[in-house]
Structure formats: structure tokens, C-alpha cells
Amino acid sequence: MITTEPRAFPIPLRLARRMTRMPPSAVREILKVAEQPDVLSFAGGLPAPELFPIAEIADAYAKVLADEGRAALQYSTTEGFGPLREWVVARLARRGIRASADQVLITNGSQQGIDLVARTVLDPGDTVAVESPSYLAALQTFAGCEADFLIVGSDDDGMQVEALERAVEIGPSPKLVYVVPEFHNPKGTTLSLERRARLVRLCQVHRIPLLEDDPYGELRFRGEPPPPLAAIDDGGVVVHLGTFSKTLAPGMRLGWLVGPREIVRAATIVKQAADLHTGTLAQRAAASLLARFDYDGHLAGLRRAYGERCLAMLAALEQHLPPGTRWTNPDGGLFVWAELPSGISADDVFADALREKVAFVPGSAFFADSPRHEFLRLNYSNRPPELIAEGMARLGRVVSRRLA
Ligand SMILES: Cc1ncc(COP(=O)(O)O)c(C=O)c1O
């Protein structure tokens with residue numbers, strides 16, 4: 001019997017050793033506070049819910065249930081629904097990525113792709129190279145595999161690949177390299193073309209799987225897209241992750257992993273043990289939707305809206321934040337990364353900001369090594385321009401007070 005007040009025993013239940021390396025996600029904890037209804041939150045990485053194609057998704061689910069309900073509600077293959085895998089192949093071909101359907105594994109969002117690749121490649125004590133700062137939930141996944149980190153610095157052109165080259169030259173090679181090349185989370189920056197070529201070459205020469213996490217690549221609102229790492233790779237080392245979370249809806253939990261056959265096969269076996277397969281109904285509904293829906297038109301609308309919101313945030317930062325504050329200038333994606341004037345800690349500003357009813361994620365959460373406290377991550381996709389302006393005005397007041 002489970003009771004809310006269990007009897008006390010002197011010996012605690014024993015958890016796995018890896019749990020000591022997996023603290024709860026700081027961002028998820030912050031979101032619990034930040035997402036209160038009266039707080040203007042720029043903390044989450046949430047897409048704009050008013051732009052979800054709800055009616056079209058509802059129609060797709062209804063059609064699939066009416067036309068193929070028995071199959072749509074049945075167990076299905078681990079690899080994923082054939083027509084959806086074919087759609088992924090055709091879509092990626094437009095970005096120069098050549099793959100066949102047997103190299104595609106449909107996942108529960110790209111987060112599961114990170115987990116499957118990590119568990120396919122990493123043994124306890126292995127090293128994974130990551131950018132600093134990096135996507136927090138990937139760091140959590142690697143820590144859960146009891147991996148060690150090789151921390152590689154980054155600047156406005158993304159990961160400092162030269163530093164990784166030097167580290168690989170002098171030390172043992174990492175077992176995996178993880179990178180978010182396009183509209184980085186948390187920084188919003190893009191890996192330069194020159195660094196892309198060098199990174200792929202380095203991983204090819206040293207036979208290191210290179211995990212390209214690309215949830216934002218289709219959300220470019222300015223400039224020409226560089227080729228994805230997977231399009232440059234002619235040596236079979238890049239594993240590319242994509243997702244519908246930021247382009248259709250994250251609640252569908254649909255993503256894909258595309259890569260060398262030996263990794264896709266191994267990841268499929270890991271997935272069999274993890275969850276058998278991704279939800280059949282969601283996969284079939286997505287395939288049905290994409291066969292009839294103007295996906296490119298929908299993406300154009302998202303890009304327009306996010307471009308406007310990003311500009312609104314950059315203009316409001318310029319207007320309200322005191323001198324000495326700096327920020328990145330993204331060409332797409334969801335985030336701006338700001339650096340506070342020297343001597344001011346984002347953790348202190350966060351506490352003040354909540355009292356002013358505005359929230360963000362303090363940047364310290366995104367560092368795998370010693371956390372740095374002068375940064376904050378701001379999301380612009382989830383609020384209309386007028387609320388972004390109001391939120392940045394509140395933030396500006398808080399930072400100016402701290403500075404004074
Ligand atoms: C860099 C990065 N990778 C992966 C994910 C996970 O996305 P999904 O919803 O596809 O699992 C996110 C979500 O914000 C992200 O920012």
C-alpha cells in the first residue's frame with residue numbers, strides 16, 4: 001500500500017550511482033517559479049502557442065483515426081512509420097543531407113535522440129566534448145551516462161573548433177562531440193562555415209561520432225543558411241537530430257535521428273529497450289498532416305513572427321538596459337544571450353526580477369564546468385512584441401538598480 005506519510009525506516013532506499021551526477025534540471029526548477037501567471041516570463045524555450053496549427057493537427061488526428069484507426073492505435077516498429085521516415089529523407093535532401101529511410105529513426109523529440117546516441121556511444125568514464133555554455137538537458141544526459149566533459153569555449157561564431165583540435169592533438173580523443181551549430185541554445189549563435197568544415201574533418205580523421213543537434217535550423221529569419229554538418233560529412237561520422245517541437249508543436253513529441261547505419265542500428269536497439277517505439281498515432285497524424293498541409297507556408301509565418309519578436313527584444317534591450325550590458329544578435333531560433341555589466345550577478349538579478357514580475361534563466365545553469373554568473377538567457381518566441389518591450393523595461397529597471 002502506498003501512503004502519503006510512509007513509516008520511517010533508518011536505512012534510505014538505494015538509488016543508482018549515476019543519480020549523484022544528475023541534479024534536477026535548474027531550468028525546470030526555475031520554470032516552476034517563472035511560469036506563474038502574473039510573471040512575464042522569458043525563461044522557457046517555449047514556441048508561441050497561438051501559432052500552433054491546431055485545427056490542421058486536429059483534422060489530421062481525426063482523419064487518421066477514421067481511415068486507419070486500428071493501425072494507428074496498435075503497437076508499431078521501433079524504427080518509425082515508413083511514410084514519415086520518407087518525408088524526413090526528402091526534407092533533409094533539400095538541405096543537402098543525403099540519407100535513405102533505413103538511416104532514419106523516429107524519436108520522442110530530439111531529446112530522446114541525444115539520450116539514444118549517448119547511450120549508444122558512451123561508457124562510464126568516457127569523455128564527451130561540449131561547447132561552453134551548452135544545452136542543459138544534453139549535459140544532464142551525458143552526466144547520466146557517467147561521462148566526463150571536455151569543455152570547449154565558444155564565441156560569436158560558435159564552438160572554438162581550433163581549441164578542440166588542440167585538445168585532440170595532445171590528449172586522448174573524446175568519444176563523442178556534441179554541438180548545436182544553428183541558433184545555439186542558450187546563445188543564439190551560429191557555427192561559422194569555416195569551423196563547420198574543420199569540425200567535420202577533425203571528427204572524420206579521428207573517427208569521433210559528431211552529434212549535430214538541430215532543433216532550430218528551419219527557423220532562420222535572416223541571412224543565408226550554412227550547410228548542416230551532416231551535409232558536409234562524406235565520411236559517415238555525423239549523427240543529425242531534428243524535431244517538430246519548434247515547427248509544429250512540442251507536445252507531439254516527434255523528432256528524428258539520421259546518421260551512419262551502425263549508429264542508427266545501435267540506437268534502434270537502445271530505443272527498443274527504452275520505449276519500444278514512438279507513439280503510432282502521433283507519427284501517422286504527422287505524416288497525414290504533412291501530406292496535405294502547407295508546411296513551408298507555416299514555417300514562413302513562424303519565421304516572420306519570431307524575426308519580429310527578436311527585433312523587438314533587441315530594440316528593447318538597447319532602450320532599457322544600462323551601458324555595459326551586451327547581448328548576442330541571432331539570425332534565427334528562440335534565444336538571446338546577454339552579459340551583464342561587470343560585477344553584477346544574474347542570480348541576484350533573477351531574485352530581484354521575480355519581485356518585478358519578470359523572469360529569465362540565469363546563465364550559470366548552462367555551464368558544465370565552473371558556472372559563470374554574468375549571463376542570462378532570454379527567450380523571445382513566447383511573447384508578443386508589446387509584452388517583450390514591457391518585460392525588458394522591467395528587466396532594465398532591475399539591472400540599473402543593481403548597478404546603482
Ligand atoms: C538544443 C536543443 N536540443 C534538444 C531540445 C529538445 O527538443 P525536443 O522537444 O525535440 O525533445 C531542445 C529543446 O529546447 C533544445 O533547445
Side-chain angles (χ1 to χ4, degrees), residues 25-28 30-31 34-35 41-49 52 80 84 88 91 104-119 128 130-144 154 158-159 176-191 210-220 228-230 238-258 267 271 274-275 278-279 282-283 286 302 306 328 330 332-337 360-361 363 365-368 377-382:
S25 154
V27 172
R28 301 242 146 242
I30 283 166
L31 291 184
E35 303 298 332
S41 177
F42 302 92
L46 306 181
F52 292 154
L84 189 59
V88 170
R91 188 83 199 170
V104 178
L105 173 63
I106 302 295
T107 56
N108 265 297
S110 45
Q111 184 63 36
Q112 186 180 44
I114 300 170
D115 183 61
L116 295 178
V117 173
R119 287 201 276 152
V128 51
V130 296
E131 297 153 280
S132 179
S134 194
Y135 170 53
L136 175 70
L139 298 178
Q140 257 188 324
T141 303
F142 302 139
S154 66
M159 177 187 262
L176 178 69
V177 175
Y178 169 77
V179 66
V180 183
E182 201 84 349
F183 317 131
H184 186 266
N185 180 1
K187 289 182 77 177
T189 47
T190 292
L191 187 65
L210 171 54
L211 184 53
E212 173 176 43
D213 187 9
D214 183 42
Y216 307 113
E218 299 261 33
L219 294 179
R220 170 177 289 274
L229 301 177
V238 174
V239 183
H240 179 92
L241 302 180
T243 178
F244 289 122
S245 285
K246 305 303 188 311
T247 56
L248 286 178
M252 291 180 83
R253 307 305 306 131
L254 283 178
W256 53 90
L257 178 164
V258 181
K271 183 168 166 69
D275 65 358
T278 300
Q283 292 188 69
L302 288 183
Y306 292 168
T328 53
L334 308 189
F335 304 109
V336 169
W337 178 247
F360 57 84
V361 180
F366 301 97
F367 291 89
R377 188 191 75 177
L378 293 164
N379 164 270
Y380 51 76
S381 57
N382 191 241

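Nothing fancy with the numbering, it's 1 onward along the sequence. Both ligands and their constituent atoms are indexed starting at 1 by order of listing.
- Using modelled atom types and a 3.5 Å distance limit, the side chains of K187 and S154 yield a donor-acceptor pair.
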Decide yes or no on ring-ring contact (aromatic ring centres under 6.0 Å, His included) for F142 and Y178, but give the supporting numbers first. CA-CA 10 Å; F142 302 139; Y178 169 77; 5.4 Å; yes

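- E218 has no carboxylate O lying under 4.0 Å from a charged side-chain N of K246, or vice versa, which leaves the two without a salt bridge.
- Remark: Q111 pairs with I114, Y135, A137, T141, R253 by the side-chain contact (heavy atoms from CB on, under 4.5 Å) rule, at least two apart or across chains.
- Taking the six-membered ring where the residue is Trp, W337 and F367 present tilted rings, their angle falling between 30° and 60°.
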Report the C-alpha separation of T278 and K271 in whole Å, then their side-chain angles, then the decisive distance to 0.1 Å, and conclude whether the side chain to side chain donor-acceptor pair (under 3.5 Å) test is met. CA-CA 9 Å; T278 300; K271 183 168 166 69; 2.9 Å; yes

Pairwise, report which nitrogen or oxygen atoms of ligand 1 are under 3.5 angstrom from protein nitrogen or oxygen atoms, and how far apart they are.
| unit_1 | atom_1 | unit_2 | atom_2 | d |
| --- | --- | --- | --- | --- |
| ligand 1 | 3 (N) | D213 | OD1 | 3.4 |
| ligand 1 | 3 (N) | D213 | OD2 | 2.5 |
| ligand 1 | 7 (O) | S110 | OG | 3.3 |
| ligand 1 | 9 (O) | S245 | OG | 2.6 |
| ligand 1 | 9 (O) | R253 | NH1 | 2.8 |
| ligand 1 | 10 (O) | S110 | N | 2.8 |
| ligand 1 | 10 (O) | S110 | OG | 2.8 |
| ligand 1 | 10 (O) | T243 | OG1 | 2.7 |
| ligand 1 | 10 (O) | S245 | OG | 3.2 |
| ligand 1 | 11 (O) | S110 | N | 3.2 |
| ligand 1 | 11 (O) | Q111 | N | 2.9 |
| ligand 1 | 11 (O) | R253 | NH2 | 2.8 |
| ligand 1 | 14 (O) | Y216 | OH | 3.3 |
| ligand 1 | 14 (O) | K246 | NZ | 3.0 |
| ligand 1 | 16 (O) | N185 | ND2 | 2.8 |
| ligand 1 | 16 (O) | Y216 | OH | 2.5 |

